[in-house]
Every structure is written in structure tokens, then in C-alpha cells.
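Here's the structure, in C-alpha cells; my notes come after.
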Amino acid sequence: MDYRKCAEEIFQKVGGRENLISAAHCATRLRLVIADNSKMDMKALESIDGVKGVFSNAGQLQLILGTGTVNKVYDEFLAVSGLTAATKEEVKAAAASRQPLPQRMVKALGDVFVPILPAIVASGLIMGILEGLSKAWPALAESGTYTIFHLFSNAAFVFLPILVAVSAARVFGGNLFLGAVIGMIMIHSDLVNAWSVADYVASGAAIPTADVWFGLYDINLTGYQGHVIPVIIAVWFMCQLEKRLHKLVPEMLDLFVTPLVTVCATGYLTLTIFGPVFSTVENWVLDGVQQLITIPFGIGAAIMGAIYPLTVVCGVHHMYNVIEAGMLSSAGLNTWMPIASAANFAQGAACLAVALKTRERRTKALALPSAMSAALGITEPAIFGVNLRLVKPLAAGMVGGAAGSVVGSLFGIGATAYGVTGLFGFLTTTDYIIPYAIELAVSFAVAFAVSWVLYHDEAAESPAASTEDAPSALDCQPGTVYSPIQGKVIPMQDIPDATFAAGVLGEGCGIEPAVGRVVAPFDGTVSTVAETKHAIGLESPDGMELLIHVGINTVELDGKGFRVHCAEGDTVKAGQLLLEFDRQIIQSAGLSTTTAVLVTNAEDLGAVSVQTGEAKELAPILTVPVPAN
């Protein structure tokens with residue numbers, strides 16, 4: 001392809017130099033930050049030769065170009081635009097700064113709560129399982145084992161302010177341990193436990209007070225167990241103060257003065273202003289949400305169940321974490337979870353209807369695993385990969401989510417954790433198993449039926465091009481791709497990434513690696529090596545172009561855990577070591593190690609045959625028809 005022409009067309013369609021802020025690329029995508037989205041032509045961008053897909057995410061415009069192409073187009077794009085090369089982190093920071101203030105605030109909330117999600121999920125699951133077992137076996141509730149595991153189940157909620165404070169300090173750029181101190185101050189044992197205030201009032205005992213601000217007024221010496229918003233506000237202030245002091249205080253005094261002033265000032269303001277004011281605000285928010293979802297006949301729940309997917313599309317759904325955490329801490333029951341679960345399950349059902357009805361191979365390959373993922377609570381593949389693009393399934397899912405949310409509201413379903421929806425939600429709704437099953441059934445049935453009726457397969461393949469009539473790859477002159485990694489070979493559509501699973505970057509398979517070693521899958525030439533070392537492109541003498549992409553979203557590791565043993569332009573032999581990677585580092589970052597092995601020019605060669613199952617290194621896994629010599 002003409003890389004210069006592709007770059008020039010992209011430059012023109014995004015609105016020229018005055019509409020560009022920064023540019024970077026990963027192994028497959030050109031990543032741009034745009035000043036004004038209204039000045040670019042998305043339709044025209046999608047039609048540019050070489051551009052395989054265009055979408056916006058987290059303030060970035062991402063153009064899928066493919067391995068071996070993106071770096072060449074990027075070089076030409078820099079020359080055409082006059083921009084200087086930027087790192088992916090710089091582009092990410094620039095994109096975040098362009099987002100509206102409310103969106104940045106919601107993103108910050110998500111960044112605070114997502115890392116502590118495993119702790120909340122673990123505690124909630126233990127609590128749900130323990131309560132379920134004690135109902136089936138009442139004697140368990142009187143045992144020491146029950147006492148021990150009950151302690152485990154509520155530990156994260158008892159000390160939630162400390163978890164939130166540490167996570168908030170990380171997000172806002174402060175010292176994590178100073179953040180922990182602020183969280184400890186807010187639930188210190190010298191303060192009356194917030195959950196014991198009602199007992200104090202009932203017994204007629206006076207809650208201790210302290211006169212503050214030189215005797216101007218008194219505050220109740222109560223802790224902030226069950227609160228999260230005051231903690232976030234306090235730690236945000238702490239981080240701003242700490243960073244300012246680091247700049248002002250001489251270096252020789254910084255170690256002593258900055259922590260002292262930061263803790264004293266923040267702690268005092270927290271107990272006298274931030275805590276009293278924002279705990280009241282948080283109570284108002286929680287009361288408002290409770291009032292909304294308890295509107296008679298489930299009207300409020302239906303509204304929220306319908307619009308929930310739209311908040312996912314806008315990327316603001318993490319704001320619900322604050323509500324759910326507050327519900328769990330204050331009342332021990334998360335009544336927001338049934339709404340999220342109904343909405344998520346319904347989007348999966350609508351996506352499944354598309355998968356079963358469509359005859360278009362790529363849509364089916366993407367929709368089926370996306371629907372299964374949504375049933376387990378992960379809806380992004382279904383929403384962004386299928387439903388939003390086709391519109392009608394998204395609307396059908398909204399209808400199903402509304403119907404299921406009404407059921408959840410009428411039954412008063414609640415959960416013992418947040419972040420767990422769909423089928424896994426049964427583990428946290430042990431007191432409401434039958435009502436929860438009814439809710440999911442209603443959500444599924446309504447969304448599936450509406451999607452089946454509304455969706456029309458306008459892009460279906462003609463009978464001559466259908467999968468059933470396509471010639472077998474074994475009838476053609478084959479090229480062979482041997483397994484570059486020892487592990488389990490899975491179908492391409494099972495790769496946990498919508499772009500790879502849909503075949504946008506080529507046809508092939510995924511490998512769940514058993515070892516952290518990648519070897520050359522045939523004799524050929526290294527066409528590209530990603531800057532972040534997680535992806536390699538190869539070309540074979542018989543015309544195959546192959547992408548080996550280790551892990552999903554591993555570009556975020558910026559090369560950590562990867563060691564490359566080849567360079568662009570190298571001639572390699574089958575079995576030659578190309579790359580080593582640390583599976584533990586990838587998994588500890590919360591990323592999948594599933595490796596995509598894709599023939600990127602399959603559309604020029606023919607159908608790709610895949611041999612799935614356990615594969616040793618250099619076992620044949622892909623067969624590709626290549627032109628005769």
C-alpha cells in the first residue's frame with residue numbers, strides 16, 4: 001500500500017494540524033488525540049485504504065492498521081503533520097486532559113475503586129457462601145470455623161476507609177502510607193464507631209464531642225465507618241498539599257516538615273470539615289438512590305436498568321462503585337447490584353440473538369463469545385463490539401434491562417458485594433436465589449425476543465460465500481504455521497479481545513501459553529518488532545504475513561516482562577527463539593496471557609484451517625492456501 005497516501009488522507013480527515021494534539025502507535029493501532037471531534041470525518045476515515053477499523057476510546061481516536069503497517073504509516077504521518085513522536089503514556093495523559101471535568105472526576109472514581117475490587121469481591125463471596133452454607137447446615141453458625149470465616153468476610157468492609165485512602169493516594173499522586181494514615185484517623189478506635197451511634201442514642205449515652213476552631217463550634221467524635229466520599233475528598237486534599245509542600249520546603253527539611261504538616265493539616269480538616277460535610281452529602285446521595293429504586297411498581301429501577309448500558313458507553317459506570325460501596329458499608333446490602341446485573345445480562349441476551357440470527361461470519365464469531373462474556377458480567381465486548389454498532393440490539397438490551405430491574409426491585413434483591421453480576425451474582429445473593437434467577441430469566445427473555453424481532457441481517461453473506469459452501473483449506477496448496485508457543489490452541493473467536501476475535505487484523509487462532517517462550521513458526525523474515533516488545537510480525541517465503549501478539553492489552557506494560565531476541569529485517573529459522581515473556585508479570589497486572597497468532601493477509605490467500613487443542617512447540621496449528629511457485 002501507499003503509506004504516504006494513507007497518512008495524508010488520515011491527516012486530512014482528522015481536520016489537519018490545528019485539530020491534532022498528539023500521536024503515537026502500538027503494534028496494530030495509530031493512536032491520536034483530537035482537539036475537536038466535530039472537525040473530523042469518521043466515515044471517511046473508515047473508508048481509507050489500509051484502515052481496518054476506527055473507534056474512539058478514553059479520549060483517543062484509534063485507527064486499526066495492523067502490524068508492519070502501523071509503524072510505516074506513523075512515520076509518514078509525523079512527516080505530514082509536523083508532530084513529534086509521543087509515547088503511549090503521553091498520548092493517554094493528553095487524552096485524559098481533554099475530557100470534560102465531570103468525566104475526569106468519574107474516571108478518577110473508577111481508578112480509585114477498581115484496584116480494590118478484588119478485596120471487596122473476595123469478602124462478599126465469602127459472606128454469601130458462608131450464609132448459604134449456614135442455612136443448609138444450621139449447626140455451622142455455632143462453630144468456631146464460622147466465626148473465623150465471618151471475620152474474613154467483613155474485614156474489607158470494616159477497614160474500607162483505609163483501602164479507599166491508599167487507592168486514592170495512588171490515583172492522586174500522593175504518598176500511599178500518608179493516605180493510609182488519613183484513613184486510619186477516620187476510623188480510629190478513640191472515635192465512637194459509626195455503626196454504634198444508634199446504640200448510644202438508644203441507651204441515652206451522650207456521644208463525646210470536641211470544641212474546634214478555637215471553640216467556635218463542637219463536633220461529635222464519631223468515626224467514618226461506612227463512608228467513602230469523605231475519605232476520597234480528604235486524601236485528594238492531602239495529595240495536593242503534599243505535592244505543594246515538596247516544592248516549597250527545602251530538600252534538607254522536606255523529609256520531616258512535609259509529612260508532619262500534611263498529616264496534621266489534613267487530619268484536622270478531615271475531622272472538622274471534610275468528614276462532617278461530605279458524610280452528610282453521601283447520606284443524601286444514598287438516600288436519594290434508595291428512594292429512586294424503591295419508587296412504586298419498580299418505575300425508578302426500570303429507568304436505571306434501561307440507561308445503565310449508556311453509562312457504560314460513556315465510561316461513567318464506575319461512579320456506581322461509590323453508591324454500592326456506601327450501601328454495603330452502611331446497610332450491609334447492595335440493592336443496586338440487581339439493576340446492573342439485569343442490564344448486563346440483557347445486553348448479553350440481545351447479543352446472543354444476533355449471534356444466532358446472523359449469517360455474516362465475522363459478526364457471528366464476535367457476537368457469540370461476547371454474549372457468553374456478558375452473561376458472566378463483562379459487557380464491553382457485547383456492547384462495543386456488537387450491540388452499539390448495530391443499534392437495535394442495544395435498544396433491545398435496554399428494554400430487557402428495564403424489565404429485569406423491575407423484578408429485582410419488587411423482590412427487594414440485594415447482594416453482599418459489588419463488581420459481581422450475571423451468573424456469578426448467585427454467589428452474592430444467597431438470600432434471594434430464586435428471585436434473582438427470575439430476574440435474570442426475565443431480562444434474558446425480553447431482551448432476546450426484542451433483539452430477534454428488531455435485528456435484520458442486512459449484511460448476510462450470499463449462499464455462494466457461506467461457510468458451508470466455502471472450499472476446504474485442505475483442498476488448496478497449503479502453507480503451514482507451526483505453534484510458536486507451547487500451550488492450548490483456541491479458536492480465534494475465543495480470544496478475549498473484540499478486535500482479534502472478529503478477525504479485523506487477520507485470521508488464525510489464540511494460544512493460552514504454558515511457557516513464556518516464543519519461537520519462529522516457520523522459516524522467514526522478521527518484518528516488525530513492537531517498541532513495547534509484546535508483538536512480532538513475520539513474513540514467509542511462500543507469502544504469509546503473520547502477527548504474534550503476546551497477551552491482551554500488554555502494550556500497557558511498556559515492555560516490562562518481555563525480552564526480544566530478534567530485530568526487524570532478521571532472517572529466522574523455524575524454532576529459533578524470538579521472544580521471552582514473564583507470564584507472572586502479565587497476570588499480576590490483571591491482563592490475559594492469551595496470545596493471538598494471526599495471518600494478517602489471509603484475505604489475499606484463502607481460508608485458514610485451525611488445529612485446536614493442546615499443542616507442543618512447533619506442532620502444526622494453521623494451514624493456509626498459498627499460491628503455487
Can you establish whether the number of heavy atoms outside [X] located under 6.0 Å from its atom [atom1] is more than 12?
X      : atom1 : value
Phe424 : CZ    : no
Tyr482 : OH    : no
Lys488 : NZ    : no

Expected output: side-chain [X] to main-chain [Y] donor-acceptor under 3.5 Å:
X      : Y      : answer
Thr528 : Val526 : no
Ser451 : Phe448 : no
Lys357 : Trp452 : yes
Ser527 : Glu539 : no
Asn387 : Gly397 : no
Asn344 : Gly422 : no
Gln576 : Lys573 : yes
Thr358 : Ala355 : no
Asn19  : Val14  : yes
Thr421 : Ala340 : no

*Is a side-chain donor-acceptor pair under 3.5 Å present for Asp558 with Thr532?*
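Side-chain D/A pair, Thr532 to Asp558: absent.
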*For residues Arg31 and Ser22, is any side-chain donor paired with an opposing acceptor at under 3.5 Å?*
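No, no side-chain donor-acceptor pair sits under 3.5 Å.
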Less than 4.5 Å apart, side chain to side chain, heavy atoms only: is that true for [X] and [Y]?
X      : Y      : answer
Met372 : Leu352 : yes
Met40  : Met42  : yes
Val51  : Glu9   : no
Cys6   : Ile48  : yes
Ile64  : Val54  : no
Val572 : Val519 : no
His25  : Glu531 : yes
Thr593 : Val550 : no

[X] versus [Y], closest heavy-atom pair with distance:
X      : Y      : value
Cys509 : Ile490 : CB-O, 3.4 Å
Val386 : Ala367 : CG2-CA, 3.8 Å
Val597 : Pro484 : CG2-CG, 4.0 Å
Met492 : Gly508 : CB-O, 3.4 Å
Gln584 : Asp582 : N-OD1, 2.9 Å
Pro521 : Leu546 : CG-CD2, 3.5 Å

*Does the separation of the ring centres of His549 and Phe500 fall below 6.0 angstrom?*
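Ring centroids of His549 and Phe500 are less than 6.0 Å from each other.
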*asked:* Checking Arg4 now: which residues fulfil side-chain contact (heavy atoms from CB on, under 4.5 Å) with it, not counting sequence neighbours?
replied: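 side-chain contact (heavy atoms from CB on, under 4.5 Å) check on Arg4 returns Asp2, Glu8, Glu76, Ala79, Val80.
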How far does [atom1] of [X] sit from [atom2] of [Y], to the nearest 0.5 angstrom?
X      : Y      : atom1 : atom2 : answer
Leu61  : Leu20  : CG    : CG    : 9.5 Å
Ser609 : Ile621 : OG    : CD1   : 11.0 Å
Asp497 : Leu505 : CG    : CG    : 8.5 Å
Leu65  : Ile10  : CG    : CD1   : 5.5 Å
Gln60  : Leu30  : CD    : CG    : 10.5 Å
Leu622 : Thr480 : CG    : OG1   : 9.0 Å

*Starting from the C-alpha separation in whole Å, work towards a yes-or-no answer on side chain to side chain contact (heavy atoms under 4.5 Å, CB included) for Arg29 and Thr499.*
CA-CA 11 Å; Arg29 304 170 189 180; Thr499 300; 3.0 Å; yes
*Just do the side chain to side chain contact (heavy atoms under 4.5 Å, CB included) check on Ile21 and Ile34 with the steps written out, would you?*
CA-CA 6 Å; Ile21 296 174; Ile34 306 299; over 6 Å; no
Check residues 562-571 and write down every donor-acceptor pair under 3.5 Å in which the side-chain atom is one partner and the other belongs to a residue at least two apart or another chain.
{"unit_1": "His565", "atom_1": "NE2", "unit_2": "Glu580", "atom_2": "OE1", "d": "2.7"}
{"unit_1": "Glu568", "atom_1": "OE2", "unit_2": "Val529", "atom_2": "N", "d": "3.3"}
{"unit_1": "Asp570", "atom_1": "OD2", "unit_2": "Ala567", "atom_2": "N", "d": "2.9"}

*Going through the checks in order, is the side chain to side chain contact (heavy atoms under 4.5 Å, CB included) test met by Ile511 and Ser483?*
CA-CA 9 Å; Ile511 300 179; Ser483 179; 3.8 Å; yes
*Is it true that Lys39 and Glu18 make a salt bridge, defined as a side-chain N closer than 4.0 Å to a carboxylate O?*
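No salt bridge links Lys39 with Glu18.
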*Between Tyr3 and Asn71, is a side chain to side chain contact (heavy atoms under 4.5 Å, CB included) present by the stated rule, with each step listed?*
CA-CA 10 Å; Tyr3 304 116; Asn71 54 318; over 6 Å; no
